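Okay, structure first, notes after.
Just the heavy atoms: all of them, side chains too, but no hydrogens, waters or symmetry mates, feed the values below. Computed from a predicted structure; not experimentally measured. Below, read A as the first sequence line, B as the second, and so on, with proteins coming before strands; counting in each chain starts at 1.
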Amino acid sequence: MEKNVFDLLEERGLIAQVTDREIVRDLLGKEKITFYIGFDPTADSLHVGHFLQMMVMKHMQAAGHRPIALIGGGTCMVGDPSGKSDMRRVMPKEEIDANAEKFKTTMRKFIDFSDGKALMLNNADWLLNLNYVDFLREVGFHFSVNKMLSAEAFKVRMDRELGLSFTEFNYMVMQGFDFYHLFKEFGCKMQFGGNDQWSNILAGTELIRKKDGKDAFGMTFNLLTTSDGVKMGKTVKGAVWLDPEKTSPYEFFQYWRNINDADVANCLKLLTLVPLEEIAEYEKRGGSAYNEAKERLAYTLTELVHSKEDAELALKTSRELFSGAAHSESMPTTQLPCEKLTDGKINILDLLVAVKLAPSKSEARRLVVQGGILVNEEKVESIDASFEQSAFKDTFIIKKGKKSFLKVTI
RNA sequence: GGGAGUGUUCCCGAGUGGCCAAAGGGGGCAGACUGUAAAUCUGUUGUCAGUGACUUCGAUGGUCCGAAUCCAUCCGCUCCCA
């Protein structure tokens, strides 16, 4: 007999909260259901946080359930206050639409949308034309402000004496309405989401019960956090994106390759399909087995998100660079515009700024002074060092610190 | 609507007329050590030229030889009362 997808999700440590554990497990075991996960198009690409949700969809779809990927074109106009300590800026409509389009492209890589095996909807379609007064009477009526305020998402804002606008306060109501709408129109019985979505999901199940007296269910997944509780997928440069235009496959690979020991097992469990026994094996061996585990993680994810070729290339590049074989076709490359050169050469500081390894000349100066810059494996000793145009004809690799490599061409 | 606070560099947070590019912590970056890990230690962390100059302390305008610091107006946020 086929394994219950609920058990599978639970084994991998994905499940955080369930409205009713037994009932949901039972339901998923014997019925093919329709469920939805919402994605707010607040950025022009999905990031690793979303990836977790997509893996869940994948698992569910594999088990025969029908996913609805709901693009929050409507809710996004309002902005989810959950987990945000700042007030959200209000995004222009055009930007939201453009982002939603990009999301679709990326999602198709993971989910099979053919023949109605999965749906992609945009809640702008039903939220934008709501009549305010009707909405208040039919939906708003069922929400208790007292109760809403006790939700974790709002409490944080209140306790820390931060602002919460009326607009944001309504986000929960809108999301609740989404669920109700999908329940009515598509027979959608479950909503999934990150654990920060718990109260928003409950808003939906309760609305369905109050309006129609029927049961719907919700389940949340553990957020992808590091062992110190920080949200994963953030770097100084910003989030780790799934769009190769924003985060190259090599950078993506390196992000996972460089992850903390303490987080590897968890990531393998949550984000990949690597069998649990193998993960346990890595953990048992400890020590440098972590490096194998990290490589496996990085490779698997790059393959899933990008392609097998990208994964191979990133792996090869990574190995070559870190083993000292300082040449590779696949490493990040920047082309230096000719006009940056004066009299056929360029100073090291100007070069670093020009190829964006340093944001300012002061920063570049510091890097060189502190011995953090190597060109073709040779330390740049002086800030007065400069390079002739001919130097760029051959391999010209700048190494910044231990982990950033950049090939420069002209 | 009335009253009380508050707004500082990436973040938190000191500073309350010149010695302030601004303490301290966090974070970042680099160096040492390592396993492309963690922990630890060291340096560094506005910009541009290197004993200097320039821009910055919510915004604008003022006082003063001189303002993050004083005054005025405005804007944002918080709390209390209505």
For the side chain of A:S362, counting heavy atoms from C-beta on, which of B:G35, B:C48, B:C29 is nearest? B:C48
Closest nucleotide among B:C29, B:A38, B:U36 to the A:N260 side chain: B:A38
Ignoring hydrogens and angles, tell me if any N or O in the side chain of A:T19 forms a donor-acceptor pair with the backbone of A:G218 under 3.5 Å. yes
Looking at every strand, decide which applies to A:S360 at a 4.0 Å heavy-atom threshold: base, sugar-phosphate, or nothing. sugar-phosphate
Please measure how far the C1' atom in B:G46 lies from the corresponding atom in B:A68, and state the result in whole Å. 15 Å
Would you classify A:K402 as touching base, sugar-phosphate or nothing, given that sugar-phosphate means primed atoms plus P, OP1 and OP2, and contacts are heavy atoms under 4.0 Å? base
Can you tell which of B:U36, B:U44, B:C48 lies closest to the side chain of A:Q370? B:U44
By the 4.0 Å heavy-atom rule, please label A:I383 as base, sugar-phosphate, or nothing. base
Over how many whole Å does the gap from A:Y290 atom OH to B:U34 atom C1' extend? 16 Å
Which value, in whole Å, describes the distance between the P atoms of nucleotides B:C33 and B:A21? 38 Å
Both distances below 3.5 Å, Watson-Crick or wobble geometry, any strand: find the nucleotide opposite B:G35. none
Between B:A49 and B:G58, how far apart are the two C1' atoms, rounded to whole Å? 31 Å
Name the pairing partner of B:U9, where a pair is Watson-Crick or G-U wobble with both distances under 3.5 Å, or state none. none
Is A:R25 salt-bridged to A:E10, cutoff N-O under 4.0 Å? no
For the P atoms, the ones on B:G18 and on B:A37, what distance do you get once it is rounded to whole angstrom? 47 Å
Inter-nucleotide P distance (B:U55, B:C48), Å rounded: 15 Å
Taking the C1' atom in each of B:U63 and B:G13, what is the distance between them to the nearest angstrom? 30 Å
Which whole number of Å gives the distance between the C1' atom of B:C41 and that of B:G7? 37 Å
Specify the residue among A:G401 and A:L349 whose closest nucleotide of RNA chain B lies further upstream toward the 5′ end. A:G401
Nearest listed nucleotide, side chain of A:K294, among B:C29, B:A37, B:U36: B:A37
Inter-nucleotide C1' distance (B:C20, B:A38), Å rounded: 38 Å
Describe the nucleic acid contact of A:R366 in one word from base, sugar-phosphate, nothing, applying a heavy-atom distance below 4.0 Å. sugar-phosphate
Between C1' on B:U47 and CG on A:D350, what's the gap in Å once rounded to a whole number? 15 Å
